[in-house]
Visitor: 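Sharing a structure below in structure tokens format, with a few things to ask.
Quick note on labels: first sequence line is chain A, next is B, and so on, each numbered from 1.
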Amino acid sequence: MKPFTSVEGVAAPLPLENVDTDVIIPMDALLSRPRDELGARAFEPLRYRADGSETADFVLNRTAYRAASILIAGRNFGCGSSREGAVHALAGFGLRVVIAPTFGDIFYSNCLKNGVLPVRLEEESVRILMEAADRAAGAAPFHVDLVEQRVAAPDVAPITFDFDPALKQRLIDGEDEITMTLRHEAEIRAWQKRDRTARSWAWRVLESEG
Amino acid sequence: MTSRRTIVEKIWSARTILSEDGLDLLHIDRSLLTDLSGTVGLEEIEADGLALHDPALNFAIPDHVVETRENAGFDPARRERFVATLERLAARHDVRHFARGSGRQGIVHVTAMDQGITLPGLLLVCGDSHTSTHGALGALAFGIGSTEVKHTLATQTLWMQRPRLARITLSGSLCPGVYAKDVALWIIARLGADWGREHAIEFSGPAIVAMSVDARATLCNMAVELGARFGVVGPDETVFNHLQGKPFAPSGADWEAAKTAWRALPTEPGAIFDKEVSFDAGEITPQITWGTSPEQAIAADGALPPVGEADPKAAAYIDLAPGQKITGVPVDYVFIGSCANGRIEDLRVAAAVVRGARVPHHVTALVVPGSEVVKEQAEDEGLHDIFRAAGFQWGEPGCSMCVGVNGDIVPPGKRCVSTSNRNFVGRQGPGARTHLASPATAAACAIAGVIVTAPQIASGAGAA
């Protein structure tokens, strides 16, 4: 996994609530494109008209924000379907950070598996950052630092954010999780052996049926 | 402390292998592999040269891409890419696979509960957000992304943070003609689509205890639309009766041992939740969504919120005006099915509404049973004849028009009343307009050709 420590870049404001993963990457795009090409269809329903032309008013279509690496959105960003392609699409577009008051739970954990940083902030802080992103219009960079747990925006006092220490370390390390888990293989097998005895009802049926 | 634990805490700690820095390494007791995330997960395992840790704990079941209706624009290349690949990879890795025609195929969240794969006290995952459904049987079940699917296949574990605990208590009893889907939409409209984030939601109270397993499944299914990864109901005799004799449920001495273990699962009186809310079930009325989030639900005989309150983008997409009465709005499509409402009781309620009536010509109406077991049961009861006589199409089990990846889509600009769980922009097809409702309401809309509330059907009360 791509490690994450900090990102400096253009921040784009997307003041919409409940942006679901179907909007971030429609199922049809997900099924017809390889993972590394999903960026082209990120936010398709918002970004393109039915004839394939760009909608002029969508933030990521505006010249100032086309190179955005940070997205600032309304509450419940990434709700809905568990499709990890939503994160692949954001990353494919070039986004490394999403800031919002709340996130869909599965989307949040999918971000962590792909080196994308989801930052939860109070509604008021998100509003301040959206206004700063509006004013900056891509000209002055934002800086998001996971190590310091801090967002620095032009003309705004730095804003700190909470982050689970264990999840933070894993993002910074970027180590493959399967490799890490399999270091515990002996413990996993020993646990399973005990469970087969203690809860034989949960195991035996799988040996006979089917 | 130990005497006042919740069901979530009990299952969580029982399935924790070890803890490290506040993350728990959980044992995954059952994993369901769909033709989308499951296929991709197995492909990634092969690409990395990894082996499955415990093939017997995994079940491969095609549901998203399988054909559910003839002449619906089904793409055979897509079947080859996803459905056929899943079957091939499952065989190669010794994973049980339920093919179409096996009698066990269906939407993973319907068929795993039909088959007894889901059991109380188990930890179950699937690369699909509606995995919360299985909480209806007292399992701890949650949706995961494809990296987590791969991790599960390779290690039969997941690293997780323990969720916070929320409880929604429903006192009293539901009015006739009000169903679990109405309960879910009514609650989501009041609490918001992100109320449950970072929480596991337990549903409890007399109105929940009175619900069938099918109704509880609808409610737990919709927990994710309330923002929670987990929904759960404490297992009771209703659950045990549902499971007894199912193909993958324990039998003989194991059955008795299992029941003893399951009886210890429910949350104990006095247990503390991080947040709690209670409602009087008697206040809930039939609901329908007007917008593009499940939280935009109103009474099925009500009106959109006024200007200033109704999200203008949602109103524009759905092509209705703020303040407009929802009743009488013309309908083009009706879809009855999905992991929210594709179970036998759902089909019984809908059939009772349409019996003897006729869908008008301008409406395309489709019923898709949630699984082959549901379909066979419905056909034994003659429900398919009732639907067909009324002008409905009777489909083959799968996700179908809920997610629209098998060609079953609602065309651009068309309006669909759907028993599925998501009214998102483009969910049922690009430009499709979705109104979520119960099977009773959806069936009534199909017959009327416009949005209406269902007449009360005496025999249909209590389910769906």
Visitor: Quick test of your reading of the model: are B:Arg427 and A:Asp22 salt-bridged, counting only N-O distances below 4.0 Å?
Guide: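 Looking at B:Arg427 and A:Asp22, the cut-off is met.
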Visitor: Counting only heavy atoms closer than 4.5 Å, note whether B:Arg81 contacts chain A via side chain, backbone, both or neither.
Guide: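 When you check distances to chain A, no heavy atom of B:Arg81 falls under 4.5 Å.
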Visitor: Would you compute the distance between atom OG1 of B:Thr155 and atom CZ of A:Arg183 and round it to the nearest 0.5 angstrom?
Guide: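 Answer for the OG1-CZ pair, B:Thr155 versus A:Arg183, is 13.5 Å.
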Visitor: Is there side-chain contact between B:His64 and A:Leu31, with at least one heavy-atom pair below 4.5 Å?
Guide: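 In short, these two side chains do not touch, never coming nearer than 4.5 Å.
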Visitor: Please name the pair of heavy atoms, one in B:Ser129 and one in A:Ser81, separated by the smallest distance, quoted to 0.1 Å.
Guide: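 Smallest interatomic distance, heavy atoms only, reads OG-CA, 3.7 Å.
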Visitor: Please classify the contact of A:Arg189 with chain B as side chain, backbone, both or neither, using a heavy-atom distance under 4.5 Å.
Guide: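 A:Arg189 touches chain B through side-chain heavy atoms alone.
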Visitor: Please rank B:Ser146, B:Gly143, B:Gly127 by heavy-atom pairs under 4.5 Å with chain A and give me the top one.
Guide: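 Sorted descending by pairs with chain A, the first entry is B:Ser146.
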Visitor: Tell me, side chain or backbone of A:Glu44 under 4.5 Å from chain B's heavy atoms, or both, or neither?
Guide: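 Contact with chain B is absent: no heavy atom of A:Glu44 under 4.5 Å.
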Visitor: Enter the distance from B:Leu18:CG to A:His184:NE2 here, rounded to the nearest 0.5 Å.
Guide: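 With rounding to 0.5 Å, CG (B:Leu18) is 5.0 Å from NE2 (A:His184).
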Visitor: Looking at A:Ile106, A:Leu167, A:Leu182, which has the largest count of heavy-atom pairs under 4.5 Å with chain B?
Guide: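 Answer, by heavy-atom pair count under 4.5 Å with chain B: A:Ile106.
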Visitor: Considering only heavy atoms, which portion of B:Thr16 lies under 4.5 Å from any heavy atom of chain A: side chain, backbone, both, or neither?
Guide: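 Interface part for B:Thr16: backbone (N, CA, C, O).
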Visitor: Restricting to non-hydrogen atoms, name the atom on A:Ser200 and the atom on B:Asp254 that form the minimum distance, rounded to 0.1 Å.
Guide: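 Reported closest heavy-atom pair: OG-OD1, 3.5 Å.
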Visitor: Is chain A contacted by the side chain of B:Phe230, its backbone, both, or neither, given a heavy-atom distance below 4.5 Å?
Guide: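 Neither the backbone nor the side chain of B:Phe230 comes within 4.5 Å of chain A.
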Visitor: Could you walk me through whether A:Gln192 and B:Thr157 pass the side-chain contact (heavy atoms from CB on, under 4.5 Å) test, one step at a time?
Guide: CA-CA 11 Å; A:Gln192 287 186 323; B:Thr157 66; over 6 Å; no
Visitor: Sort B:Ala77 into side chain, backbone, both or neither according to what part of it lies under 4.5 angstrom from a heavy atom of chain A.
Guide: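 The answer is neither part of B:Ala77.
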Visitor: Name the region of B:Ala253, side chain, backbone, both or neither, that has any atom closer than 4.5 Å to a heavy atom of chain A.
Guide: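 Neither; nothing under 4.5 Å.
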Visitor: Any salt bridge linking B:Asp128 with A:Arg83? Criterion: basic side-chain nitrogen under 4.0 Å from a carboxylate oxygen.
Guide: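 Looking at B:Asp128 and A:Arg83, the cut-off is not met.
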Visitor: Could you check if a side-chain atom of B:Arg15 sits within less than 4.5 angstrom of a side-chain atom of A:Trp191, using non-hydrogen atoms only?
Guide: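 Answer yes - side chains close enough.
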Visitor: Using heavy-atom distances under 4.5 Å, tell me whether B:Pro120 contacts chain A through its side chain, its backbone, both, or neither.
Guide: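 Backbone only.
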Visitor: Is it the side chain or the backbone of B:His53 that comes within 4.5 Å of chain A heavy atoms, both, or neither?
Guide: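 Contact with chain A is through both the backbone and side chain of B:His53.
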Visitor: What I'd like to find out is whether the side chain of A:Leu30 reaches to under 4.5 Å of the side chain of B:Leu36, using heavy atoms alone.
Guide: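 The answer is no, as the side chains (C-beta and beyond) never meet within the 4.5 Å cut-off.
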Visitor: Carefully, step by step, assess A:Asp176 and B:His151 under the rule side-chain contact (heavy atoms from CB on, under 4.5 Å).
Guide: CA-CA 10 Å; A:Asp176 177 63; B:His151 190 277; over 6 Å; no
Visitor: Between B:Asn421 and chain A, with a heavy-atom cut-off of 4.5 Å, which part of the residue counts as in contact: side chain, backbone, both or neither?
Guide: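 Neither the backbone nor the side chain of B:Asn421 comes within 4.5 Å of chain A.
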Visitor: Do other residues, nucleotides or ligands put more than 12 heavy atoms under 6.0 Å from A:Asp36 CG?
Guide: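 Yes, enclosed.
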Visitor: Using heavy-atom distances under 4.5 Å, tell me whether B:Gln156 contacts chain A through its side chain, its backbone, both, or neither.
Guide: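 Just the side chain, heavy atoms under 4.5 Å.
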Visitor: Considering only heavy atoms and a distance below 4.5 Å, find which of A:Ala202, A:Pro45, A:Cys79, A:Ser32 pairs most often with chain B.
Guide: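 Highest number of heavy-atom pairs under 4.5 Å: A:Ala202.
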Visitor: Could you have a look at A:Asn18, A:Asp20, A:Asn110 and say which one has the most heavy-atom pairs with chain B under 4.5 angstrom?
Guide: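 Looking at each option in turn, the highest pair count goes to A:Asp20.
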Visitor: Sort B:Ile144 into side chain, backbone, both or neither according to what part of it lies under 4.5 angstrom from a heavy atom of chain A.
Guide: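 The backbone, not the side chain.
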Visitor: Specify which of A:Ala190, A:Gly80, A:Pro26, A:Ala166 makes the most heavy-atom pairs with chain B at under 4.5 Å.
Guide: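 Of A:Ala190, A:Gly80, A:Pro26, A:Ala166, A:Gly80 has the most heavy-atom pairs under 4.5 Å with chain B.
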Visitor: Kindly assign one of parallel, tilted or perpendicular to the pair A:Trp201 and B:Trp262, based on the angle between their ring planes and the thresholds 30° and 60°.
Guide: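 Because their plane-to-plane angle is over 60°, the rings of A:Trp201 and B:Trp262 count as perpendicular.
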Visitor: Apply side-chain contact (heavy atoms from CB on, under 4.5 Å) to B:Glu198 and A:Phe103, showing your working.
Guide: CA-CA 9 Å; B:Glu198 298 162 56; A:Phe103 292 92; over 6 Å; no
Visitor: I'd like to know if the side chain of A:Gln169 pairs up with that of B:Asp21 as donor and acceptor (distance under 3.5 Å, no hydrogens or angles considered).
Guide: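 Side chains of A:Gln169 and B:Asp21: no pair found under 3.5 Å.
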Visitor: Which atoms form the tightest heavy-atom contact between B:Ala56 and A:Leu206, and what is the distance?
Guide: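 It is O-CD1, 3.6 Å.
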Visitor: Where on B:Glu256 is there a heavy atom nearer than 4.5 Å to chain A: the side chain, the backbone, both, or neither?
Guide: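 For B:Glu256, there is no contact with chain A at all, as no heavy atom is under 4.5 Å.
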Visitor: Decide if atom CD of A:Glu187 counts as having more than 12 heavy atoms of other residues, nucleotides or ligands within a radius under 6.0 Å.
Guide: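 Enclosed.
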Visitor: Report which part of B:Ala193 has an atom under 4.5 Å of a heavy atom belonging to chain A: side chain, backbone, both, or neither.
Guide: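 B:Ala193 touches chain A through backbone and side-chain heavy atoms alike.
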Visitor: Under 4.0 Å between a Lys/Arg side-chain N and an Asp/Glu carboxylate O for B:Glu43 and A:Arg35?
Guide: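 Looking at B:Glu43 and A:Arg35, the cut-off is not met.
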Visitor: Just verifying a value: how many Å separate A:Thr102 OG1 and B:Asp194 CG, rounded to the nearest 0.5 Å?
Guide: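 CG of B:Asp194 is found 4.0 Å from OG1 of A:Thr102.
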Visitor: At a 4.5 Å cut-off on heavy atoms, which part of B:Ser37 comes close to chain A: side chain, backbone, both, or neither?
Guide: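 Neither part.
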Visitor: Using a strict cut-off of less than 4.0 Å between a Lys/Arg side-chain nitrogen and an Asp/Glu carboxylate oxygen, indicate whether A:Glu84 and B:Lys150 qualify as a salt bridge.
Guide: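 Answer for the salt bridge query: no.
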Visitor: With only heavy atoms counted, which part of B:Phe98 is less than 4.5 Å from chain A, the side chain, the backbone, both or neither?
Guide: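 B:Phe98 has no heavy atom closer than 4.5 Å to chain A.
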Visitor: At their closest point, which heavy atom of A:Ser109 faces which heavy atom of B:Glu148, and how far apart are they?
Guide: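 Closest pair (atom of A:Ser109, atom of B:Glu148, distance): OG-OE2, 3.6 Å.
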Visitor: Answer yes or no: is there an ion pair linking A:Glu17 with B:Lys313, defined by an N-O contact shorter than 4.0 Å?
Guide: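 Salt bridge flag = no for B:Lys313 with A:Glu17.
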Visitor: Looking at A:Lys113, A:Glu177, A:Met1, which hits side chain to side chain contact (heavy atoms under 4.5 Å, CB included) with B:Thr147?
Guide: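 Answer to the side chain to side chain contact (heavy atoms under 4.5 Å, CB included) test with B:Thr147 among A:Lys113, A:Glu177, A:Met1: A:Lys113.
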Visitor: Let me know if A:Phe107 has heavy atoms under 4.5 Å from chain B in its side chain, its backbone, both or neither.
Guide: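 When you check distances to chain B, no heavy atom of A:Phe107 falls under 4.5 Å.
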Visitor: Are A:Asp105 and B:Arg197 close enough, and set up right, to give a salt bridge (charged side-chain N to carboxylate O under 4.0 Å, His left out), and what steps lead you there?
Guide: CA-CA 6 Å; A:Asp105 284 353; B:Arg197 76 195 136 76; over 6 Å; no
